[in-house]
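Single-structure report; data block below.
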Amino acid sequence: MEITDFDIYKNLLKKKSGLVLSSDKSYLLDSRLSPIAKKWGYASINEMTVALQKIPDTALIIDIVEAMTTNETSFFRDTKPFDILKTVVLPYMQEHRAINKTMTTWCAAASSGQEPYSIRMILKELDFKFAGWKTDILATDISNEILDQAREGIYSQFEAQRGLPIQMLMSNFTQIGEKWQINEDIRKSVQYKYFNLLDNMNALGTFDVIFCRNVLIYFDTETKQDILDRMSLHLANDGFLFLGGAETVLGITDKFKPVPDSRGLYAKEGSPIFEKSDSATQAIASGSLSS
Ligand SMILES: C[S@@+](CC[C@H](N)C(=O)[O-])C[C@H]1O[C@@H](n2cnc3c(N)ncnc32)[C@H](O)[C@@H]1O
């Protein structure tokens with residue numbers, strides 16, 4: 001591929017999704033955009049590039065951006081964040097949302113659904129504690145194709161086994177041939193919606209917990225800061241933010257601070273969880289609930 005094509009797609013991707021395409025990833029353009037060129041009836045990527053510059057077709061641009069996203073995910077990915085959800089965040093919410101019995105969660109880059117479904121399965125397991133609660137989960141992504149897969153909730157044997165304890169597989173999925181579909185009660189309890197993290201978040205509302213895992217790594221520092229700063233306006237003052245293992249707020253934004261001894265967990269600067277003296281807060285601040 002000619003360097004000019006690379007630059008054109010690099011700029012397009014950055015502008016439309018924030019994703020940064022480094023030159024060592026130029027091979028991805030060939031493998032991922034060739035099927036798009038074919039689908040749109042172009043003989044080559046180069047021919048598609050020329051057409052794109054003449055008349056930028058929105059639907060084609062959407063296809064290009066989707067093709068360039070990395071959707072790698074798994075159930076209970078990295079394990080620890082979900083342990084922290086169970087042992088730190090949910091006990092805190094139980095105490096601090098006891099009056100309204102409402103807890104809202106946003107999975108901001110949900111991919112094919114394993115992350116929001118993992119959260120839902122944890123809440124289902126703890127049903128005896130959250131009986132009568134409204135625990136909405138909004139799951140968003142920039143890829144409509146991946147959102148359709150998430151809504152369908154059908155996984156290969158490999159995907160279903162990856163990270164998922166066998167008893168959870170047996171109690172929450174139905175086998176369809178060689179695949180597994182997550183049961184309807186779980187599927188219907190997650191709301192899926194297209195959302196680009198570069199877009200205005202005002203219509204989304206405010207959340208108690210935000211998962212924004214393994215997506216910021218694809219953005220430059222300026223974009224990460226912009227997203228995190230705007231996200232802080234959509235997190236309750238005593239809410240929690242989960243980032244991926246290779247992501248941090250340090251050196252990027254001062255709107256969030258790491259929660260002590262809870263790797264990957266952040267709370268808003270000024271959050272009462274860093275100050276207040278009730279038992280759940282103390283346990284969080286000392287990290288004693290996070291083992
Ligand atoms: C590697 S997956 C992470 C999935 C899940 N959060 C996890 O940790 O397993 C990254 C997801 O971010 C989505 N994504 C990339 N750029 C985005 C953007 N600008 N807005 C929203 N989602 C985006 C991709 O489509 C992809 O599904």
Side-chain angles (χ1 to χ4, degrees), residues 9-22 25 28 32-33 36 61-85 105-122 137-153 155 158-160 162-164 182 190-204 207 209-231 234 240-248 263-266:
Y9 288 109
K10 183 182 164 178
N11 293 340
L12 180 80
L13 209 59
K14 172 79 173 36
K15 188 168 164 220
K16 297 290 176 188
S17 67
L19 297 169
V20 173
L21 192 65
S22 51
K25 294 273 162 51
L28 283 180
R32 295 191 181 180
L33 295 191
I36 304 295
I61 292 172
I62 288 171
D63 271 4
I64 291 169
V65 171
E66 278 201 6
M68 293 308 296
T69 58
T70 300
N71 309 118
E72 168 70 16
T73 188
S74 57
F75 289 102
F76 300 97
R77 184 174 185 176
D78 303 333
T79 315
K80 188 84 181 158
F82 296 92
D83 290 344
I84 291 174
L85 176 70
T105 302
W106 175 24
C107 283
S111 189
S112 39
Q114 286 89 329
E115 186 176 81
Y117 290 143
S118 298
I119 299 168
R120 177 56 73 203
M121 282 188 276
I122 288 177
I137 301 176
L138 173 68
T140 61
D141 202 281
I142 198 174
S143 166
N144 277 309
E145 204 178 319
I146 208 78
L147 286 169
D148 283 344
Q149 279 183 43
R151 282 187 197 100
E152 222 181 4
Y155 301 97
F158 173 74
E159 289 170 318
R162 212 172 145 209
L164 192 63
I182 196 147
V190 174
Q191 188 203 350
Y192 287 100
K193 200 171 164 177
Y194 171 91
F195 184 74
N196 183 345
L197 287 167
L198 300 189
D199 289 345
N200 187 314
M201 296 174 184
N202 285 349
L204 298 178
F207 300 90
V209 184
I210 298 178
F211 277 69
C212 183
R213 303 190 63 234
N214 303 303
V215 64
L216 295 181
I217 35 167
Y218 300 106
F219 302 143
D220 62 17
T221 305
E222 200 185 27
T223 309
K224 285 179 198 174
Q225 181 184 13
D226 170 56
I227 292 171
L228 287 170
D229 286 358
R230 288 183 296 113
M231 216 168 235
H234 295 270
F240 294 93
L241 168 72
F242 284 91
L243 297 182
E247 295 160 337
T248 181
R263 200 177 148 72
L265 184 66
Y266 300 83

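All residue numbers refer to positions in the sequence shown, counting from 1. Counting convention: from 1, in listed order, for ligands and their atoms alike.
- With distances taken over non-hydrogen atoms, the option nearest atom 19 (N) of ligand 1 out of Ala150, Ser112, Ser17 is Ser17.
- Summarising the geometry, atom CD belonging to Gln225 is positioned 12.0 Å from atom CG belonging to Leu216; distances are rounded to the nearest 0.5 Å.
- Phe211 pairs with exactly one of Trp106, Phe242, Tyr266 by the ring-ring contact (aromatic ring centres under 6.0 Å, His included) rule, that one being Phe242.
- Residues meeting the side chain to side chain contact (heavy atoms under 4.5 Å, CB included) test with Asn71, sequence neighbours left out: Thr69, Ser111, Ile146.
- The protein non-hydrogen atom at the shortest distance from atom 27 (O) of ligand 1 is Asp141 OD2, 2.7 Å.
- Taking atom 9 (O) of ligand 1 as the reference point, the nearest protein heavy-atom neighbour is Thr73 OG1, 2.6 Å.
- The single protein non-hydrogen atom nearest to atom 15 (C) of ligand 1 is Val215 CG2, 3.7 Å, given as residue, atom name and distance.
- Looking at Leu197 next to ligand 1, an N or O pair under 3.5 Å apart turns up.
- If you check which protein heavy atom lies closest to atom 8 (O) of ligand 1, you get Asn214 ND2, 2.8 Å.
- The shortest N or O to N or O distance between Ile146 and ligand 1 is not below 3.5 Å.
- Residue-ligand proximity, Ser111 to ligand 1, at heavy-atom distances under 4.0 Å covers atoms 4 (C), 27 (O).
- When heavy-atom distances to ligand 1 are checked against a 4.0 Å cut-off, Glu115 comes that close only through its side chain, counted from C-beta outward.
- Among protein heavy atoms, atom 7 (C) of ligand 1 sits closest to Arg77 NH1, 3.3 Å.
- Annotation for ligand 1: atoms under 4.0 Å from non-hydrogen atoms of Ile142 are 14 (N), 15 (C), 16 (N), 17 (C), 18 (C), 19 (N), 20 (N), 21 (C), 22 (N), 23 (C), 25 (O).
- Of the charged side-chain nitrogens involved, none lies within less than 4.0 Å of a carboxylate oxygen, so that Asp220 and Lys224 do not count as a salt-bridged pair.
- Taking every heavy atom of both residues into account, Ile119 and Cys107 meet most closely at CD1-SG, 3.6 Å.
- The two residues Arg151 and Lys193 make their nearest non-hydrogen contact at NH2-N, 4.2 Å.
- Across all non-hydrogen atoms, the minimal contact from Met231 to Ile210 is CG-CD1, 3.8 Å.
- Heavy atoms of Leu19 found under 4.0 angstrom from ligand 1 belong exclusively to the side chain.
- Listed by number with element, the atoms of ligand 1 under 4.0 Å from a non-hydrogen atom of Thr70 are 1 (C), 2 (S), 10 (C), 11 (C), 26 (C).
- Counting atoms of ligand 1 from 1 in the listed order, those under 4.0 Å from a heavy atom of Arg213 are 3 (C), 5 (C), 6 (N), 7 (C), 8 (O).
- Closest to atom 5 (C) of ligand 1, if we only count protein heavy atoms, is Ala109 O, 3.3 Å.
- For the residue pair Asp141 and Ser143, the shortest heavy atom distance occurs at OD1-N, 2.9 Å.
- At least one heavy atom of Phe195 sits less than 4.0 Å from an atom of ligand 1.
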